[in-house]
K.L.:
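Structure below; questions to follow.
Note that the coordinates shown come from a computational prediction; the quantities given were computed from them, not determined experimentally. Whatever order the structure lists ligands and atoms in, that order sets their numbers, starting from 1.
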Amino acid sequence: MGTTLGKPFAGIFQETEPRIVFFGLPGTGKSSILHKLKTGEVLSTNIPTVGLDMESFKYKNSSFCFVEMGGQYRYKMIPLWKHYFQQVSGFVYVVDTKDRERMEEAKSFLHMVMDEIQGNVPDNVAVLVYANKHEVPGAMTAYEISNELDLASLRQKNWQRNWHVQSSCALSGDGLHEGLDWLLKNAERM
Ligand SMILES: Nc1nc2c(ncn2[C@@H]2O[C@H](COP(=O)(O)OP(=O)(O)OP(=O)(O)O)[C@@H](O)[C@H]2O)c(=O)[nH]1
Ligand SMILES: [Mg+2]
């Protein structure tokens, strides 16, 4: 991972592989999940992603371009979604299931992005939600997360978009493959 906001965006997205975009509030575990999926190892650093990162790697014998929208500048990056994510094959929204205090913001950010892409990204591009850090005592369940994020109302707004919540742990890898396998089965242009 290594592309930052400082680079000209026009030249960034030249990959031919299907593009999967990770987003979420800061510190929810996006980089950790991507690192675990790529290497099978636990990410040992704890450095917030600046701007966006992207990296291509193979998952189950197929190559994908994984993009992480860093959480820190999430609101500043909203205008980018419309322009740079028309060719997206799937979305991954990462939520910290132990962080009840930020659940309201997690909901409003998700709805904000989905409103932004409505009409620009085909309705059948699916969204996987990783209910991450699920091993922490007191973490919310996948069912609680779908209620907290009000996924039902998102479905009403856009009935064609498919959703799935998968409990996960980026440290052990629990749930990561199940979630991504669901997304790839439901993804556009694979
Ligand atoms: N307990 C636990 N900690 C996790 C898990 N996933 C990530 N973390 C920790 O959460 C912290 C933030 O992880 P990152 O992967 O950097 O989070 P991020 O979503 O990429 O954050 P930004 O790049 O700032 O948006 C790190 O200390 C990770 O070790 C998990 O499943 N369980
Ligand atoms: Mg990150």
K.L.:
With Asp115, which residues qualify under salt bridge (Lys or Arg N to Asp or Glu O under 4.0 Å), at least two apart?
P.N.:
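Residues passing salt bridge (Lys or Arg N to Asp or Glu O under 4.0 Å) with Asp115: Lys157.
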K.L.:
For Gly29 and ligand 1, does the shortest N/O to N/O distance drop below 3.5 Å?
P.N.:
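Min N/O separation from ligand 1 is below 3.5 Å for Gly29.
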K.L.:
Check which protein N, O or S atoms are less than 2.8 Å from the Mg ion (ligand 2) and report how many there are.
P.N.:
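If we list every protein N, O or S atom nearer than 2.8 Å to the Mg ion (ligand 2), we get 3.
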K.L.:
Under 3.5 Å, sequence neighbours excluded: what are the donor-acceptor pairs made by side chains of residues 126-133?
P.N.:
unit_1, atom_1, unit_2, atom_2, d
Tyr130, OH, Leu176, O, 2.6
Tyr130, OH, Leu180, N, 3.4
Asn132, OD1, Ser168, OG, 2.9
Asn132, OD1, Ala170, N, 3.4
Asn132, ND2, Thr28, O, 2.9
Lys133, NZ, Gly27, O, 2.8
Lys133, NZ, Asp96, OD2, 3.2

K.L.:
Indicate the atoms forming the closest heavy-atom contact of Arg19 with Val67, along with that distance.
P.N.:
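Result for this residue pair: CG-CG2, 3.8 Å.
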K.L.:
Do Met103 and Tyr75 belong to the same hydrophobic cluster, where Ile, Leu, Val, Met, Phe, Trp and Tyr are linked whenever their side-chain heavy atoms lie under 4.5 Å apart, directly or via other members?
P.N.:
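Yes, same cluster.
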K.L.:
Gly71 heavy atoms, cut-off 4.0 Å: which ligand 1 atoms fall inside?
P.N.:
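Contacts of ligand 1 toward Gly71, numbered from 1: 22 (P), 25 (O).
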K.L.:
Salt bridge check, Asp53 against Lys30: does any charged N sit closer than 4.0 Å to a carboxylate O?
P.N.:
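Salt bridge: no.
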K.L.:
Does an N or O anywhere in Asn132 fall below 3.5 Å from an N or O of ligand 1?
P.N.:
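Looking only at distances, the answer is yes, because the N/O contact criterion of under 3.5 Å is met.
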K.L.:
Within the structure provided, determine whether Ile78 and Val113 are in side-chain contact (heavy-atom separation under 4.5 Å).
P.N.:
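SC-SC contact between Ile78 and Val113 confirmed.
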K.L.:
Would you say Val42 and Lys36 make side-chain contact, with heavy atoms under 4.5 Å?
P.N.:
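Val42 reaches Lys36 side chain to side chain.
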K.L.:
Going by the atom numbers of ligand 1, which of them fall below 4.0 Å from some non-hydrogen atom of Thr49?
P.N.:
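Those of ligand 1 that fall under 4.0 Å from Thr49 are 22 (P), 23 (O), 24 (O).
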K.L.:
Could you tell me whether Met69 and ligand 1 have an N or O pair separated by under 3.5 Å?
P.N.:
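No, no N or O pair falls under 3.5 Å.
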K.L.:
Can you tell me which residue and heavy atom of the protein come closest to atom 18 (P) of ligand 1, and the distance to 0.1 Å?
P.N.:
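Sorting protein heavy atoms by distance from atom 18 (P) of ligand 1 puts Lys30 N, 3.5 Å first.
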K.L.:
Quick check: does His134 get an N/O under 3.5 Å from an N/O on ligand 1?
P.N.:
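For ligand 1, there is no N or O atom that lies under 3.5 Å from one belonging to His134.
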K.L.:
For the residue pair Arg102 and Pro26, what are the closest heavy atoms and their distance?
P.N.:
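That closest heavy-atom pairing would be NH2-O, 2.8 Å.
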K.L.:
Can you name the atoms of ligand 1, numbered from 1 with element, that are less than 4.0 Å from a heavy atom of Val136?
P.N.:
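Close to Val136: 1 (N).
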K.L.:
Quick one: sort the Trp81 and Phe91 rings into parallel, tilted or perpendicular, breaks at 30° and 60°.
P.N.:
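The rings of Trp81 and Phe91 sit tilted, inter-plane angle from 30° to 60°.
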K.L.:
What protein heavy atom lies closest to atom 31 (O) of ligand 1? Include the residue and the distance to one decimal.
P.N.:
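Protein heavy atom with the smallest distance to atom 31 (O) of ligand 1: Ala170 N, 2.8 Å.
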K.L.:
Sequence neighbours left out, what passes salt bridge (Lys or Arg N to Asp or Glu O under 4.0 Å) with Glu105? Give chain and number order.
P.N.:
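Testing Glu105 for salt bridge (Lys or Arg N to Asp or Glu O under 4.0 Å), a comparison that skips the adjacent residues, returns Arg74.
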K.L.:
Where does the angle between the aromatic ring planes of Phe66 and Phe22 fall among parallel (under 30°), tilted (30 to 60°) and perpendicular (over 60°)?
P.N.:
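Because their plane-to-plane angle is over 60°, the rings of Phe66 and Phe22 count as perpendicular.
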K.L.:
Looking only at protein heavy atoms, which one is nearest to atom 28 (C) of ligand 1, and what is the separation?
P.N.:
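Looking at atom 28 (C) of ligand 1, the protein heavy atom closest to it is Ser32 OG, 3.7 Å.
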K.L.:
So which heavy atom in the protein is nearest atom 22 (P) of ligand 1, and how far is it from that ligand atom?
P.N.:
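In this structure, atom 22 (P) of ligand 1 has Gly27 N, 3.7 Å as its nearest protein heavy atom.
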K.L.:
Please say whether Ser31 places an N or O atom under 3.5 Å from an N or O atom belonging to ligand 1.
P.N.:
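Yes - when backbone and side-chain N and O of Ser31 are compared with those of ligand 1, one distance drops under 3.5 Å.
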K.L.:
What do you reckon, is NZ of Lys58 surrounded by more than 12 foreign heavy atoms closer than 6.0 Å?
P.N.:
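Not buried by this count: 12 neighbours or fewer within 6.0 Å.
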K.L.:
How far is atom 8 (N) of ligand 1 from its nearest protein heavy atom, and which residue and atom is that?
P.N.:
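The closest one turns out to be Lys133 CE, 3.6 Å.
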K.L.:
Give the residue, atom name and distance (to 0.1 Å) of the protein heavy atom nearest atom 26 (C) of ligand 1.
P.N.:
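I find the closest protein heavy atom is Asn46 OD1, 3.7 Å.
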K.L.:
Got Leu184 and Tyr59 here, is their nearest side-chain heavy-atom distance under 4.5 Å?
P.N.:
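Yes, at least one pair of side-chain atoms sits under 4.5 Å.
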K.L.:
Show the atoms of ligand 1 that are less than 4.0 angstrom away from any heavy atom in Glu135.
P.N.:
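Those qualifying, in numeric order: 1 (N), 2 (C), 31 (O), 32 (N).
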K.L.:
Under 3.5 Å, N or O to N or O, is Pro48 touching ligand 1 that way?
P.N.:
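N/O-N/O distance below 3.5 Å does not exist for this pair.
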K.L.:
Heavy-atom contact under 4.0 Å between Leu171 and ligand 1?
P.N.:
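Right, Leu171 reaches ligand 1.
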K.L.:
Against Thr49, only a single residue in Gln72, Met69, Glu68 fulfils side chain to side chain contact (heavy atoms under 4.5 Å, CB included); can you say which?
P.N.:
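Of Gln72, Met69, Glu68, side chain to side chain contact (heavy atoms under 4.5 Å, CB included) with Thr49 is met by Glu68 alone.
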